[in-house]
Amino acid sequence: MTKYIIRRLLGIIPTLLIIITLSFFIVRVAPGGPFDTEKKLPEVVMRNIEAKYHLDEPLVVQYGRYMFDVLRGDLGPSFRYKDHDVNFYIFQSLPNSMILGVIAISISIIFGISSGMLAAVKQNTWVDYLSMALAVVGISVPLFVIAPVLQYVFAMQLGWLPTSGWFTNGDGWQTILLPAVTLAFADFATIARLTRSSMLDTLRSDYIRTAKAKGMRSSSIIFKHAMKGSMLPIVSYLGPAFAGIITGSVVVEQVFRIPGLGKFFVQSSFNRDYTLIVGVVIVYSVILVIMNFIVDVVYSLLDPRITYK
Amino acid sequence: MLNHKNGKTKQEKATNEFNQIVVGNSLSKDAWRRLRKNKMAVISVILVSIYILLAVTAPILPIYPYDEIVIDHQDLPPSLTKTAGELMRDKELAKMYAQAWRQGRLVVDEATNEMLEDWVSRSKVNKVWDYLLPEGNRQLESGTFTWNASEQRSIDSREKRIANEIQISIEKMWLKDEQGKLSDVKHLETDEIVALYAKLLGVQANLLVDQYTYEIEMQLLKKIKAESTGLTDDEYNMMLRDQLDSMSTKNYDALVKENIYEKIASTIKDMAMEQLGTEASQAETTYPLNEKVAVTEYLTASVKATKMHDRRYYLGTDSLGRDMLSRIIYGGQVSIAIGFIGTLTSVLIGVVLGSLAGYLGGKIDYFIMRVVDIMYGLPYMLLVIIAMAIFGRNILNLFFALAIISWLTISRMVRGQIMSLKNQEFVEAARSMGASTPRIIFKHLVPNSLSVIIVFSTLRIPSFIMTESFLSFLGLGVQAPYASWGSLVGESVGGMTLYPWRLFFPAIVMTVFLFAMNFLGDGLRDAFDPQSKNQL
Amino acid sequence: MNKKTPKSYENMLEVKNLKTYFLTDAGIVKAVDGISFSLRQGETLGIVGESGCGKSVTNLSIMRLIPSPPGKIVDGQIIFEGTDILALPENELRNIRGNKISMVFQDPMTSLNPFLRISTQMIETIRIHQDISKKEALAKSIEMLKLVGIPAAEERIFNYPHQFSGGMRQRVMIAMALSCEAKILIADEPTTALDVTIQAQILELIQKLSKKLNTSVILITHDLGVVAGMCENVCVMYAGKIVEKAKTDDLYKQPAHPYTFGLIQSVPRLDKAKDGKLFSIEGQPPNVIDLPPCCPFHPRCHKVMDICRNQYPPTVDLGNSHEVSCWLYAEHKELADA
């Protein structure tokens with residue numbers, strides 16, 4: 001087991017290196033520089049700036065320098081914001097995004113699994129139809145439609161919740177509800193559908209028949225026998241779910257004006273703030289890769305059939 | 001005896017029951033039968049067909065151009081009955097009443113006042129407008145409220161504009177020669193058309209050359225800039241030179257012709273406008289008007305004139321006065337096209353790579369699957385955002401960025417299918433008869449996994465559209481004046497409180513399409529693989 | 001107790017006119033269509049037939065484990081110790097399942113929960129029906145595992161199912177089934193999924209344990225050889241119906257129904273292999289959807305008569321509790337009556 005974990009951890013390294021390399025080169029081979037503004041800067045000024053940010057060096061040297069810095073945990077200076085470096089901006093906004101993401105994924109897992117199980121157990125009743133209808137909505141309606149619609153209905157028309165803002169800015173804890181629910185919606189839908197179908201599959205399996213033949217109550221059959229097996233697809237879905245949450249948070253932070261990483265990301269891609277873009281992507285990737293790793297480990301713990309080669 | 005006879009007929013029936021030949025039923029036929037049983041899937045097929053039909057026929061539909069900006073018609077609400085002029089009048093009047101109420105000239109009772117104040121404080125300005133318009137009109141009639149002079153002037157001038165302003169478009173122009181024979185201006189040679197324009201302006205033809213050369217260059221430059229953003233001027237000029245150098249004389253001539261034709265048309269439009277403008281105030285002409293006018297003694301034009309403010313916007317307008325209906329249809333065209341073509345591309349890449357990996361196995365398989373694994377670990381959406389931000393935000397780049405990342409799942413699936421199929425007897429048989437590897441893959445293996453591919457592709461289309469719209473929503477996808485469902489929703493978020501229809505219509509249209517595609521995909525999956533019912 | 005009639009005391013289990021149908025898109029599948037049989041205490045009854053003839057459905061019906069929908073027990077009675085199982089409420093039914101009647105399924109690979117340790121699954125079985133501590137249940141489980149011949153049972157009990165071989169898993173299943181001293185053990189093709197060498201061991205084990213614990217056994221199989229070795233009585237099923245019912249010896253000596261005859265003839269036998277040709281029953285068993293009223297075996301029967309095609313034959317008692325449903329004998333009877 002320990003060996004397996006170490007092996008998986010080592011497997012993370014090439015993925016991260018590729019991500020850093022890829023985003024670095026995409027940014028560097030791009031036409032136009034970060035200092036291209038409407039009015040042309042004098043040649044000398046341009047030179048100075050380029051020298052300051054080492055943009056005049058050969059690409060390979062820049063790459064080596066950047067890689068070295070990143071490995072030390074230094075994401076470099078921002079090209080646009082002069083006051084602080086990239087680390088500052090990222091660590092200022094990361095906690096906000098993390099809080100949002102963690103709440104959203106928790107909502108989607110808790111509600112997804114429970115409504116999926118309910119739907120499976122009460123198959124072909126109104127409970128089933130209702131939760132599956134909700135799931136279809138979650139799968140078909142894009143996040144960027146759900147976000148403004150919920151905002152319009154619950155904040156602007158009904159006035160139950162604040163339209164935007166963030167609790168760290170003193171706007172009250174209610175500010176977190178709408179964004180988190182919005183962000184959770186798509187994954188809730190997928191998890192609910194996955195849970196339902198895998199639960200139904202499990203309930204049809206031979207070992208559930210055995211459990212019934214042993215005279216177990218249906219409730220203990222579901223919780224003791226069916227639960228573990230039918231959670232496996234959900235666990236393996238969590239990897240993509242985290243990726244979805246990260247992507248979705250970009251929209252949600254935009255719509256609800258949350259000072260998170262996603263908002264920074266969109267801003268910096270409009271600004272061509274190279275170091276900031278790459279920095280954000282690296283942070284996101286690290287989170288994603290770690291999450292995938294955790295998911296893998298949890299999966300292997302849940303399924304005794306997996307052997308740790 | 002009788003019994004026996006009966007027995008005999010029965011006996012034949014019974015024998016048939018047992019000896020019945022199982023009718024050859026192909027998988028696709030069977031699937032189609034099951035699909036038709038699925039009501040949701042059938043409705044979805046119909047809906048999707050309607051959408052595709054609308055998207056394809058958009059250019060010939062009787063709708064206003066999607067990029068036509070009419071500043072007067074900004075932010076008009078949707079209406080089935082009222083014309084743009086009436087809506088415009090209501091909107092402006094409501095605003096003026098609101099202003100008058102603020103200035104204390106339009107007096108309402110205390111309770112109403114409080115209610116209005118409350119609405120204002122909760123930024124529900126449109127409720128205030130909706131209330132004050134009938135209230136103001138009532139008070140105006142009963143004489144408890146009057147406009148002041150300057151307000152009256154602006155109302156009068158607007159009424160005049162609503163009544164009189166016409167919009168003219170030149171459909172076709174003919175040159176009349178000495179014999180009175182008409183020839184279509186569009187079909188003239190380049191030098192003839194230049195000469196015609198010179199004649200119209202009363203100048204020497206060679207004087208025009210400098211002007212149109214410059215204009216064409218500017219036009220090209222603008223296009224280059226839109227395609228690749230963020231370059232220096234020098235680089236742009238270089239690209240322009242390149243393009244001009246590589247252009248054939250024929251193409252260049254066509255550009256010149258187009259340029260001059262537009263100019264002639266606009267000159268004639270001005271002339272016709274002058275003529276008609278005087279007529280319109282006489283209120284004798286009926287609009288819309290569609291007639292041939294001899295503009296000069298040598299030019300005849302087919303002129304189409306409509307009253308500007310008689311337009312109807314069934315789904316309202318956007319902040320630049322563009323017709324939402326038209327924008328939604330054209331936006332759908334972009335979204336659906338990207339969805340279908342993008343899916344096709346990614347499926348092609350995925351099928352080729354997946355089947356190669358699955359059939360050949362070994363190092364090739366290992367290599368392709370490692371690439372897939374690593375790409376799976378990437379936050380690809382973010383990479384697409386970077387790519388869009390850097391390589392320019394246009395449809396083509398968007399399309400490539402999406403196609404490059406979306407073949408992963410399909411390639412894995414096809415690989416799995418091929419691997420399970422490749423050891424089956426029919427492949428052995430084909431191989432033993434000397435079929436080549438590509439033949440085995442594309443004639444035997446891929447068709448056998450077609451059902452999986454079809455089902456996957458159908459479910460892929462909505463997610464492709466969602467991704468595209470997601471980027472357009474952030475402003476990183478389709479750029480104005482083009483629209484996509486995502487960009488329409490994105491543009492509307494800002495003015496959501498005041499103009500909710502701009503959010504709801506594209507959102508509903510898009511959602512219905514995505515629903516239909518999802519149901520269709522689910523239906524197809526159930527039809528092709530009844531075992532998988534209830535599965536994701 | 002005193003409500004019991006002598007007959008029901010004699011017969012542990014009595015199935016009367018059981019009908020289990022499946023309502024599918026294609027039509028009603030009459031998987032089990034009016035079968036009756038009974039089982040005495042300590043008796044081993046064999047149910048034989050080709051796959052799809054309804055033998056598994058019969059036994060799932062006894063436990064009321066038919067997946068519903070689409071399956072439904074539409075008619076009949078299953079009387080166990082004087083009470084009709086089909087009329088029992090859910091909680092009383094649970095008291096019978098695994099306690100009084102238990103089952104061993106065909107595929108030991110999938111019948112054990114792969115996510116739970118053997119210990120968990122066995123202890124759970126015992127503790128559902130007996131009010132004993134976990135520790136005692138564990139001790140009992142280990143004892144049972146030893147009884148079925150699992151080596152190093154004290155350690156292996158904490159393994160997961162995938163760590164056992166197929167034969168071992170089937171032993172575990174048997175141990176689990178017998179851990180509550182069930183009165184009836186239903187073994188649904190317990191050896192089909194196993195290697196031939198293991199098959200004999202498992203069957204021997206079932207036989208040995210049933211003798212030892214005085215358990216009645218219903219053995220479902222398509223293998224006549226198995227029946228010959230183990231069962232006292234045999235039911236032969238075809239297309240949802242019992243076509244012949246007899247003592248095992250009688251059945252082998254004098255198979256009355258042409259189908260039984262065919263089945264016996266088609267078993268390869270060392271002593272008769274000289275002519276080198278094996279008897280085979282032509283054709284396929286019929287699809288049991290919308291069967292016309294006829295003997296379902298008639299298209300494959302080498303003694304087919306006109307009447308076979310229009311009417312299902314009545315059941316005829318040939319004496320010595322040998323019953324058969326075939327027109328060959330019905331006519332004799334009619335003639336005799338005349």
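In what follows, chains are A, B, ... by sequence order, proteins preceding strands, each numbered from 1. Given the structure is predicted, the values throughout are model-derived calculations rather than measurements.
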Neighbour count above 12 (heavy atom, 6.0 Å) for A:F293 CZ: yes

Taking [options] one by one, which has the highest count of heavy-atom pairs under 4.5 Å against chain B?
options	answer
A:G239, A:A243, A:P148	A:P148
A:I287, A:V251, A:I18	A:V251
A:V266, A:I246, A:V136	A:V136

So B:F473 and A:V255, do their side chains get closer than 4.5 Å, heavy atoms only? yes

Would you mind reporting whether B:W485 and A:V145 have side-chain heavy atoms less than 4.5 Å apart? no

Please flag which part of [X] lies under 4.5 Å from any non-hydrogen atom of chain B: side chain, backbone, both or neither.
X	value
A:V141	both
A:V137	both
A:F265	side chain

Heavy-atom contact with chain A under 4.5 Å, split by part of [X]:
X	value
B:S469	both
B:M517	neither
B:F513	neither
B:F515	both
B:L503	side chain

So CG of B:D522 and CZ of A:R193: to nearest 0.5 Å the spacing works out to 4.5 Å

Check the orientation of A:F144 and B:F470. Use parallel for under 30°, tilted for 30 to 60°, and perpendicular for over 60°. tilted

Checking side-chain contact (heavy atoms from CB on, under 4.5 Å) between A:P142 and each of B:L514, B:I465, B:V489, which is the one that passes? B:L514

Which residues satisfy the salt bridge (charged side-chain N to carboxylate O under 4.0 Å, His left out) test with A:R257, sequence neighbours excluded? none

